[in-house]
Amino acid sequence: MSTTLIKEKIGQAAADYIDPFLTLESIIGVGTGSTANCFIDSLAQVRHRFAGAVASSAATEERLRAHQIPVVSLNDAGRLAVYVDGADEIDPNFSMIKGGGAALTREKIVAAASDTFVCIADATKAVACLGQFPLPVEVIPMARSLIARQLAAIGGSPVWREGTITDNGNVILDVHDLTIRDPKQLEFEINQWPGVVTCGLFAARGADILLINEGDSILVKKRP
Ligand code: 5RP
């Protein structure tokens with residue numbers, strides 16, 4: 001089965017998985033990326049069963065609206081029962097690297113506002129140890145060189161994602177060559193540097209549930 005078909009199947013599985021969470025008042029958190037897009041397409045079929053969605057990016061907002069799914073501001077939504085989003089890497093403890101689509105900050109905010117984080121990922125995203133995928137870091141533009149030097153000082157090789165401006169008006173540094181032994185500790189450390197908006201480690205708030213393919217089957221895993 002092609003990766004596209006697998007993502008479609010995972011998107012449908014996620015829509016099925018969250019079905020018991022839905023009431024006519026429900027507002028769902030929706031992530032960003034190609035796998036999240038498949039989820040949105042499946043969600044459209046049950047759009048009459050919930051009130052609306054909080055989008056983690058402008059791109060997701062546009063796709064939700066195209067499917068006539070009402071988009072709600074997080075400020076008006078209150079706490080969300082469930083957030084569904086993809087990942088660039090996920091480890092056995094359900095810590096993740098995210099931000100390949102540059103939406104990491106809003107994704108982290110929506111994840112923090114949600115009771116359950118459902119990660120949807122194809123099998124290529126499961127890793128024993130995070131860090132093969134370069135770690136995205138969202139940075140205030142004037143701090144780009146300062147933060148790049150600090151990332152180099154901890155052993156990383158930061159590369160400016162030139163041409164990319166986030167939905168928040170910031171820039172992205174993709175950090176190669178990091179050895180991530182303790183994702184939570186590294187997330188806290190990088191996030192404290194003045195100029196960093198957030199890094200793409202989702203360890204303090206990792207996933208609760210993982211929907212992932214094994215061959216053509218979709219497995220539902222709970223955080224160990
Ligand atoms: C966007 C993200 C995405 O969840 C991540 O990049 C996975 O994307 P895809 O489903 O296209 O592989 O973090 O910022």
Worksheet entry | Hydrophobic cluster membership, Ile172 vs Val139, 4.5 Å side-chain cutoff | no
Worksheet item: Is Glu89 reaching over with its side chain to a backbone N or O of Ala126, donor-acceptor style, under 3.5 angstrom?
Response: no
Worksheet item: Can you find a pair of side-chain heavy atoms, one from Leu173 and one from Leu151, that are under 4.5 Å apart?
Response: yes
Response to the item:
Between the CG atom in Leu146 and the CD atom in Gln150, the distance rounded to the nearest 0.5 Å is 4.5 Å
Practice prompt. Measure from the side-chain N and O atoms of Arg161 to the backbone N and O of Gly100, and report whether any donor-acceptor pair falls under 3.5 Å.
Written response: yes
Worksheet item: Taking C-beta and beyond as the side chain, do Asn213 and Lys7 meet within less than 4.5 Å on heavy atoms?
Response: no
Worksheet item: Counting only N and O atoms by type, is there a donor-acceptor contact under 3.5 Å from the side chain of Thr60 to the main-chain atoms of Gly31?
Response: yes
Worksheet item: So, do Thr23 and Arg49 sit near enough that their side-chain heavy atoms are less than 4.5 Å apart?
Response: no
Worksheet entry | Separation of Lys184 NZ from Leu201 CG (nearest 0.5 Å) | 12.0 Å
Worksheet item: Could you give all pairs that pass the ring-ring contact (aromatic ring centres under 6.0 Å, His included) test and reach residues 113-151, with sequence neighbours left out?
Response: Tyr83-Phe117
Worksheet item: Backbone N or O of Cys119 within a donor-acceptor pair of the Asp85 side chain at under 3.5 Å?
Response: no
Discussion item. Before you tell me yes or no, could you show the steps for Asn168 and Arg106 under side chain to side chain donor-acceptor pair (under 3.5 Å), namely the whole-Å CA-CA distance, both residues' side-chain angles and the distance that decides it to 0.1 Å?
Written reply: CA-CA 9 Å; Asn168 315 305; Arg106 293 190 186 198; 2.9 Å; yes
Worksheet item: When clusters are formed by joining ILVMFWY residues with side-chain heavy atoms under 4.5 Å apart, either directly or through shared neighbours, do Tyr17 and Ile69 land in the same one?
Response: yes
Worksheet item: Any salt bridge between Glu107 and Lys98, counting N to O under 4.0 Å?
Response: yes
Worksheet item: Any Lys/Arg nitrogen of Lys108 or Glu187 sitting under 4.0 Å from an Asp/Glu carboxylate oxygen of the other?
Response: yes
Fill in: Atom of Leu24, atom of His48 and distance for their closest heavy-atom approach
CD2-O, 3.5 Å
Worksheet item: In terms of hydrophobic clustering (I, L, V, M, F, W, Y; side-chain heavy atoms under 4.5 Å; direct or indirect links), are Ile147 and Leu104 co-clustered?
Response: no
Worksheet item: Counting heavy atoms not belonging to Arg79, are there more than 12 under 6.0 Å from its CZ?
Response: yes
Response to the item:
Nearest heavy-atom contact between Ala128 and Pro92 is O-CD, 3.5 Å
Worksheet item: Which atoms form the tightest heavy-atom contact between Ala51 and Pro70, and what is the distance?
Response: O-CG, 3.4 Å
Fill in: Candidate pair Thr116 and Val118, rule side chain to side chain contact (heavy atoms under 4.5 Å, CB included), full reasoning
CA-CA 6 Å; Thr116 302; Val118 179; 4.1 Å; yes
Fill in: Single-linkage hydrophobic cluster Ile97~Val127, side-chain heavy atoms < 4.5 angstrom
yes
Response to the item:
Rounded to the nearest 0.5 angstrom, the OG1-CD distance for Thr164 and Glu138 is 11.0 Å
Worksheet item: Which pair of heavy atoms, one from Arg144 and one from Trp160, lies closest together, and at what distance?
Response: NH1-CE3, 3.3 Å
Worksheet item: Does the Arg205 side chain pair with the main chain of Ser114, one donor and one acceptor, at a distance under 3.5 Å?
Response: yes
Worksheet, complete the sentence: Pro134 and His176 have their tightest heavy-atom pair at CG-CE1, 3.4 Å
Discussion item. How close do Cys199 and Leu135 get, counting heavy atoms only, and between which atoms?
Written reply: CB-CD2, 4.5 Å
Worksheet item: Hey, is the main chain of Lys125 close enough, under 3.5 Å, to the side chain of Asp88 for a donor-acceptor pair?
Response: no
Worksheet item: Between Thr105 and Thr198, does any side-chain donor sit less than 3.5 Å from a side-chain acceptor?
Response: no
Fill in: Candidate pair Val196 and Val137, rule side chain to side chain contact (heavy atoms under 4.5 Å, CB included), full reasoning
CA-CA 7 Å; Val196 168; Val137 181; 4.0 Å; yes
Worksheet item: Out of curiosity, Ile90 CD1 to Leu130 CG, how far, rounded to the nearest 0.5 Å?
Response: 8.5 Å
Fill in: Linked, directly or transitively: Ile154 and Val159 (ILVMFWY side chains, under 4.5 Å)
no
Item to complete: Answer yes or no: is there a donor N or O on one side and an acceptor on the other, between the side chain of Ser56 and the main chain of Val30, under 3.5 Å?
Response: yes
Worksheet item: Would you call Lys222-Asp208 a salt bridge at under 4.0 Å N-O?
Response: no
Worksheet item: Donor-acceptor pair, Asp91 side chain versus Ser95 backbone, under 3.5 Å?
Response: yes
